[in-house]
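Beneath this line is the structure, given in structure tokens, with notes to follow.
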Amino acid sequence: MSQIKIFDTTLRDGEQSPGVNLNQLEKLEIAKQLERYGVDRMEAGFPASSKGDFNAVKTIADTIKGTSVTGLARTVKSDIDACWEALKGAEEPCVHIFLATSPIHMTYKLKKSPQEVIDTAVEMVSYASRKFPQIEWSAEDASRSDLDFLAQIIEQVIDAGATVINLPDTVGYATPSEYGNMFRYIKETVPNIDRVRLSCHCHNDLGMAVANSIAAVENGATQVEGTINGIGERAGNVALEEVAVALKIRSDHYPYSTGVNFAETKRTSDLVAKLTGMYVQANKAVIGRNAFAHESGIHQDGVLKNASTYEIITPEMVGVSSNTLFLGKHSGRHAFKDNVEKLGFELSDEKLQEAFNQFKLLTDRKKEVTDDDLFTILTEVQTDMSKVDKYQLEMFQVQYGTANIPTATVKLKTPDEEMVQAACTGQGSVEALYETLDSLIMEDLQLVDYQLNSVGRGKDALAESHVQLIVNGEPMNGRGSAQDVIEASANAFLNAVNRYLVQQQASHKKQAVK
């Protein structure tokens, strides 16, 4: 069977999703999990876009050794130089250079003639070849480009040193037949195409990203680009787990395989969902909560007699297991550490103790502790804010009911170690809580998004809250969990503010060093 390479861009294209703002440590955690998942190449970010992105890409490139790491660059020498500085410590440094090739992009965005576009692409790929052993060149908006022009520019960038040619459906406009035909045309027309790997990159604006990606593979693409859970700009990218599982389950029809470790699918999906705050819908293919649930009596009867009657994917294949008790209040630190390692987390002794303490507190209030509960605790403690002066929740109280005006009273310890207290009202309990917190915090705050989810099921399930705040003009995400939904909401709000303080303190330290 032909091997299809998996190119993950969760940390670059996925992070461009509205409301997603990952810090360096969170990006590294996702990168480590992507390595365990078995992706062949991960796009760690856009180094020239910001100092934070540069540092994250460099950290990932210096850490990840089992997967090729790449960074995005425009056709600008400074972008390529920034990529090299960030990626030169990688096992196999790769730069991903893109330039639009469609008439609408060349005319209105680039304001360049077709020949100028060719000259720019060739010059920059040639420049990158002096540094990088691997160069991917992308024809942005390829699916709306003239095929003859596309063939012409591809031939020349290959001669200039490109090792991978990517033909994206940038706005999700193509149909499967159109997208497949484009790959077939390039495969048959470009004389030196055998010197490179052909890659597809599909967006899901019309809901055809998976179908388009598979059509590309059927017509010569040997690399599929996408994201975990299909996150990304607008309607997102192709969901890599869906493509990988489709090729696996229908191997009778598709003679292609991937290097994906399918048992890591759910864990990878869960980590990306929790850290980005973009939760997976219940009916999502492959990994949704209802993917293996059966409501119909006829379906239940069939599955009980033989699971294959209504299940073409086994839960075990993608790492889905029943949430049974595996640790309890009498479990020791050694057993806890063993389960942490099985979940793929690498924690310092200090962080492990912090997670263990939170676990013990949870077992005092929750009879059954599940994998999901532990996963939530671990993702909470992985962000290191222990060494920064921050806001701490000392006490809160919320009074509300059908006959009362919701009122929240909050006591905080400020970064200056001062105790402050206030009470405010609101239309609801969360609004009252957030109004009170806002009145106590010195920073200028604007709430942009608020989400509340249940971790697992049952009346004692953990509540998990995710917020996005604008803190002094900077978008910040915050997460918080607790058995009480109001406490989880408070934790998420303060987490977003404290993440801003961490970012500011790190920035001040770097300036002081300079």
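For the single chain, residues carry numbers from 1 onward in sequence order.
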Fill in: L412 vs L437, side chain to side chain contact (heavy atoms under 4.5 Å, CB included): CA-CA, chis, key distance, verdict
CA-CA 8 Å; L412 285 183; L437 287 169; 4.1 Å; yes

Discussion item. Please determine whether the number of non-hydrogen atoms from other residues, nucleotides or ligands lying under 6.0 Å from atom CE of M317 exceeds 12.
Written reply: yes

Worksheet item: Relative to the ring of Y434, is the ring of F493 parallel (under 30°), tilted (30 to 60°) or perpendicular (over 60°)?
Response: tilted

Discussion item. So which atom in A31 and which in I60 form the shortest heavy-atom distance, rounded to 0.1 Å?
Written reply: CB-CG2, 3.8 Å

Worksheet item: Does the side chain of T276 reach to within under 4.5 Å of the side chain of S17, using non-hydrogen atoms?
Response: no

Worksheet item: Does a side chain donor of either D349 or Q353 reach within less than 3.5 Å of an acceptor in the other side chain?
Response: no

Discussion item. Ignoring hydrogens, what is the shortest heavy-atom contact between D79 and A73? Give both atom names and the distance.
Written reply: CB-CB, 3.8 Å

Fill in: Side chains of D205 and Y173 in contact at under 4.5 Å (non-hydrogen atoms)
no

Item to complete: Show your working on side chain to side chain contact (heavy atoms under 4.5 Å, CB included) between N229 and M278 and close with a plain yes or no.
Response: CA-CA 9 Å; N229 298 337; M278 298 191 69; over 6 Å; no

Item to complete: Could you tell me whether the side chain of T436 and the main chain of A422 form a donor-acceptor pair under 3.5 Å?
Response: no

Item to complete: Without swapping roles, check the side chain of N472 against the backbone of D444 for a donor-acceptor pair under 3.5 Å.
Response: yes

Worksheet, complete the sentence: Value for OG (S454) from CZ (R289), rounded to nearest 0.5 Å, stands at 8.5 Å

Practice prompt. For Q33 and T268, test the side chains for any donor-to-acceptor distance below 3.5 angstrom and give the result as yes or no.
Written response: yes

Worksheet, complete the sentence: Note: R74 and I80 closest approach over all heavy atoms is O-CG1, 4.3 Å

Worksheet entry | Distance in Å, N404 CG paired with T425 OG1, rounded so as to fall on 0.5 Å steps | 12.0 Å

Fill in: Test log, rule side chain to side chain contact (heavy atoms under 4.5 Å, CB included), inputs L99 and L110
CA-CA 9 Å; L99 187 62; L110 300 179; 3.9 Å; yes

Worksheet entry | Atom pair CG/NE2 of N453 and H466 - distance to nearest 0.5 Å | 10.0 Å

Practice prompt. Hey, could you give me the CE/CG distance between M476 and L501, rounded to the nearest 0.5 Å?
Written response: 9.0 Å

Worksheet item: Does some side-chain heavy atom of N55 sit less than 4.5 Å from a side-chain heavy atom of K51?
Response: yes

Discussion item. Using only atom types and a distance under 3.5 Å, with no angle test, would you say the side chain of N498 pairs donor to acceptor with the backbone of K390?
Written reply: no

Practice prompt. Answer yes or no: is there a side-chain heavy-atom contact under 4.5 Å between L469 and V448?
Written response: no

Worksheet item: Is there a donor-acceptor contact under 3.5 Å linking the side chains of D416 and T414?
Response: no

Item to complete: Could you tell me whether the side chain of T67 reaches within less than 4.5 Å of the side chain of L34, counting heavy atoms only?
Response: no

Practice prompt. Can you establish whether the number of heavy atoms outside Q281 located under 6.0 Å from its atom CD is more than 12?
Written response: yes

Worksheet item: Do K351 and E354 meet the salt-bridge criterion of a basic N to acidic O distance under 4.0 Å?
Response: yes

Discussion item. Any heavy-atom pair between the side chains of Q24 and T59 that's under 4.5 Å?
Written reply: yes

Discussion item. Strictly below 4.0 Å, N to O, side chains only: are K274 and E29 in salt-bridge contact?
Written reply: no

Item to complete: Report the distance from atom CD of E431 to atom CG of L447, rounding to the nearest 0.5 Å.
Response: 10.0 Å

Worksheet item: Would you find more than 12 non-hydrogen atoms of other residues, nucleotides or ligands less than 6.0 Å from K411 atom NZ?
Response: no

Practice prompt. State whether the number of non-hydrogen atoms from other residues, nucleotides or ligands found under 6.0 Å of Y279 atom OH is greater than 12.
Written response: yes

Worksheet item: Rounded to the nearest 0.5 Å, how far does CD of E92 lie from OG of S68?
Response: 4.0 Å

Practice prompt. Report, as yes or no, whether the 6.0 Å neighbourhood of atom CD on Q399 holds more than 12 heavy atoms from other residues, nucleotides or ligands.
Written response: no

Item to complete: Compare all side-chain heavy atoms of I441 with those of V471 and state whether any distance is below 4.5 angstrom.
Response: no

Fill in: Donor-acceptor under 3.5 Å (N495 side chain, R479 main chain)
yes

Practice prompt. Walk me through it: do L462 and L362 pass the test side chain to side chain contact (heavy atoms under 4.5 Å, CB included)?
Written response: CA-CA 9 Å; L462 279 175; L362 182 59; 3.8 Å; yes

Worksheet entry | Heavy-atom closest pair, residues V320 and K266 | CG2-CD, 3.7 Å

Discussion item. Checking Q223 now: which residues fulfil side chain to side chain donor-acceptor pair (under 3.5 Å) with it, not counting sequence neighbours?
Written reply: E136, S199, E225

Worksheet item: Do we see a donor-acceptor contact under 3.5 Å between the side chains of Q503 and R499?
Response: no

Worksheet item: Counting only heavy atoms not in K284, do more than 12 fall under 6.0 Å of its NZ?
Response: yes

Discussion item. Holding to ring pair (Phe, Tyr, Trp, His ring centres under 6.0 Å), I want the full list of residues that pass it with Y400, two or more places apart in sequence or in another chain.
Written reply: none

Fill in: Atom CG of L361: over 12 foreign heavy atoms under 6.0 Å
yes

Worksheet item: Is it true that a side-chain atom of T170 and a backbone atom of D141 form a donor plus acceptor pair closer than 3.5 Å?
Response: yes

Worksheet item: Where is the tightest heavy-atom contact between A128 and I135, given as atom of each residue plus distance?
Response: C-CD1, 3.7 Å

Discussion item. I'd like to know if the side chain of D53 and the backbone of F46 have a donor-acceptor N/O pair within less than 3.5 Å.
Written reply: yes

Practice prompt. Give a yes or no on whether the backbone of F98 and the side-chain of E140 come within a donor-acceptor separation of less than 3.5 Å.
Written response: no

Worksheet item: Residues two or more places apart in sequence or in another chain: which of them pass side chain to side chain donor-acceptor pair (under 3.5 Å) with N237?
Response: H201, H203

Item to complete: Heavy atoms only: give me the nearest P168-S138 pair and the separation to one decimal.
Response: CG-CB, 4.4 Å

Worksheet item: Do side-chain atoms of D484 reach the backbone of A488 as a donor and acceptor pair under 3.5 angstrom?
Response: no

Worksheet item: With a 4.5 Å heavy-atom cut-off, do K5 and R41 have their side chains touching?
Response: no

Worksheet item: Any Lys/Arg nitrogen of K77 or D81 sitting under 4.0 Å from an Asp/Glu carboxylate oxygen of the other?
Response: no

Fill in: Under 3.5 Å: donor-acceptor pair, side chain of T409, backbone of T407
no

Worksheet item: Counting distance only, does the side-chain N/O of E26 pair as donor-acceptor with the main-chain N or O of N23 below 3.5 Å?
Response: yes

